[in-house]
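Presented below is the structure to which this report refers.
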Number of protein chains: 2
Amino acid sequence: MTTILIADDHRVVREGLRTLLAQEPGMEVVGEAADGHEVVAAARTLQPEVIIMDIAMPGLNGIEATRQIVGENPAIRVVALSMYADRRFVTQILRAGALGYVLKEAAFEELARAIQTVVSGKPYLSPAVAGFVVEEFVQQVSPAPAKSLALLTSREQEILKLLAEGMRAREIAQELSIGQKTVEAHRQNLMNKLDMHSIAELTRFAIREGLTTV
Amino acid sequence: MTTILIADDHRVVREGLRTLLAQEPGMEVVGEAADGHEVVAAARTLQPEVIIMDIAMPGLNGIEATRQIVGENPAIRVVALSMYADRRFVTQILRAGALGYVLKEAAFEELARAIQTVVSGKPYLSPAVAGFVVEEFVQQVSPAPAKSLALLTSREQEILKLLAEGMRAREIAQELSIGQKTVEAHRQNLMNKLDMHSIAELTRFAIREGLTTV
DNA sequence: GTTGACATAGGTGAAAATACCTAGAAAGAT
DNA sequence: ATCTTTCTAGGTATTTTCACCTATGTCAAC
């Protein structure tokens, strides 16, 4: 019996997956988690064989959660379940220790196959993302270093969130009761840390990391 | 027997919902759709009593799809199933003709209750979003008019996509082999159409509308 | 055939973003 | 105790955004 932990911030999605998995012979859902911190804790106590991991979760995202979980117990197999066939997500979560990457556009049958594959220790990638891995292998492309929220201080995250919501430096300064120059300094610092150079990039990053929603 | 059509661009989510609904007595899933155009067509041929409608779908989004479907057949009850408790989404899709609004964070049991409620012609809103409607009722706030991609020309959509991906006006001009001033004019025009005033807002809009991904 | 929408592009000006610099106060770590 | 980090904020300069204006050629609609 393969024990499975489901991590996704949408309860309806968790319940749907749990019901589908209940119909798979040999698979048993032993727990659910709604954010990154929960899944790290649940992995520690439940010691599941497989974790189905959503990437976009509030708080700690799926990539960081995977890094921590696999760091603690490399025997746990993580299957990333993502909305996006984005090369950065694929490379980042694989480097963080995930063995599988399945798109939400895929059929459930593919997810089941991925689970069966990773329990035997072999990787499984959705066809649409397998190409990225091959490309990087062939081209010896050094993947973009993983940028994550963990690089930012809490104040910087706060500034980033407000920037991504469309506020100007002056407005943020008023909101937080600090000087406009201070906000600009924070913005510059976090841009340097993330190696980003425009509000558009910051906005996308903030959404990816769950700091704000679209 | 309540006939149900599921519209969501993620196949795993559709299958999960279908399985969960199959266990509800008196409910029958008669079809699925993966984007807005599909659901409009499916609604016409299948004539379901209820449509579970994801808001963020490629092509035609859930709000526009709802507007068209309810415009054709007001007897069809639409339950919006959304990731976001965003007041604009709530007001827009309700004005487009949806009767229900359920968050993906909600339990499946709540979705089932919403379906039962709307088949009897009564609205159902997740508690987290009901407040918006009450507020607008109380304050007599005129809701922000629905902004959609349909307002923009194809050239404007192209510019918007590139802006949202972090490119500057000068870079876009080079990319499209037109003048920087032209790009700026397009940007200004689409900002006026959408009543938005910053790159951050445009970026979020572009992601919401599926022009680009995070 | 005139009207209107669109893509193109130029001018002007204020505001904001981007990118550097320095620097002090406070808090935490080795 | 010293060092580092963080938050704070000021200076300076360049580039970009944002918000108006006008204007021309094209093309489809009426």
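Owing to the predicted nature of the structure, the values given are computational and were not obtained by experimental measurement. Within every chain, numbering begins at 1; the chains are lettered A, B, ... in the order of the sequence lines, protein sequences first and strands thereafter. Hydrogens, waters and symmetry mates are skipped; everything else that's a heavy atom, side chains included, is used.
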To the nearest Å, how far apart are [X] [atom1] and [N] [atom2]?
| X | N | atom1 | atom2 | answer |
| --- | --- | --- | --- | --- |
| L202(B) | dT16(D) | CG | P | 18 Å |
| Q174(B) | dT8(C) | CD | C1' | 18 Å |
| L160(B) | dC18(D) | CG | P | 12 Å |
| D195(A) | dT18(C) | CG | C1' | 14 Å |
| I178(B) | dG25(D) | CD1 | C1' | 16 Å |
| L190(B) | dA19(D) | CG | P | 11 Å |
| N189(A) | dA9(D) | CG | C1' | 12 Å |
| L151(B) | dC6(C) | CG | P | 10 Å |

Keeping the roles fixed (side chain from [X], backbone from [Y]), state whether a donor-acceptor pair exists under 3.5 Å.
| X | Y | answer |
| --- | --- | --- |
| T117(B) | P123(B) | no |
| E38(B) | A34(B) | yes |
| E201(A) | H197(A) | yes |
| T153(B) | E156(B) | yes |

What are the atom names and distances for every N/O pair under 3.5 Å that joins the protein to nucleotides 25-30 of chain C?
none

Any ion pair linking [Y] and [X] (charged N to carboxylate O, less than 4.0 Å)?
| X | Y | result |
| --- | --- | --- |
| E15(B) | R18(B) | no |
| E158(B) | R155(B) | yes |
| R11(A) | E110(B) | no |

Phosphate contact (dT8(D) OP1 or OP2) by R155(A) side-chain N/O below 4.0 Å: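 Answer yes for this pair, as a side-chain N or O of R155(A) is under 4.0 Å from OP1 or OP2.
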
Would one find a side-chain N or O of T182(A) under 4.0 angstrom from OP1 or OP2 of dA9(D)?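 It does, given that an N or O in the side chain of T182(A) lies less than 4.0 Å from OP1 or OP2 of dA9(D).
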
Provide a list of protein-nucleic acid N or O atom pairs under 3.5 angstrom, restricted to nucleotides 19-23 of chain C.
{"from": "dA19(C)", "atom 1": "OP1", "to": "H197(A)", "atom 2": "ND1", "distance (Å)": "3.2"}

Let's see if you can work this out: which of dA7(C), dA17(C), dC6(C) has an atom nearest to the side-chain heavy atoms of K193(B)?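 Nucleotide nearest to K193(B)'s side chain: dC6(C).
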
Which nucleotide in the list dT6(D), dC6(C), dC18(D) gets nearest to the side chain of R187(B)?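 Nearest to the side chain of R187(B) among the choices is dC18(D).
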
Closer to the 5' end of DNA chain C via nearest nucleotide, is it H186(B) or R170(A)?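 This one resolves to H186(B).
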
By nearest heavy atom, map A200(A) and V183(B) onto DNA chain C; which one lands nearer the 5' end?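 That would be V183(B).
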
Look at all strands and tell whether T153(A) reaches a base, only sugar-phosphate, or nothing, counting heavy atoms closer than 4.0 Å.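 If one applies the 4.0 Å heavy-atom cut-off, T153(A) turns out to touch the sugar-phosphate alone, with no base involved.
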
If the test is side chain to side chain contact (heavy atoms under 4.5 Å, CB included), which one of V39(A), V79(A), D8(A), L81(A) qualifies with M53(A)?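 By the side chain to side chain contact (heavy atoms under 4.5 Å, CB included) criterion, M53(A) pairs with just one of V39(A), V79(A), D8(A), L81(A): V39(A).
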
Identify all side-chain donor-acceptor contacts of residues 182-191 of chain B below 3.5 Å with residues at least two apart in sequence or on another chain.
{"from": "E184(B)", "atom 1": "OE2", "to": "Q180(B)", "atom 2": "NE2", "distance (Å)": "3.0"}
{"from": "N189(B)", "atom 1": "ND2", "to": "A185(B)", "atom 2": "O", "distance (Å)": "3.3"}

Could you tell me if the side chain of L5(B) sits less than 4.5 Å from the side chain of V50(B), heavy atoms only?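 Side-chain contact under 4.5 Å: no.
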
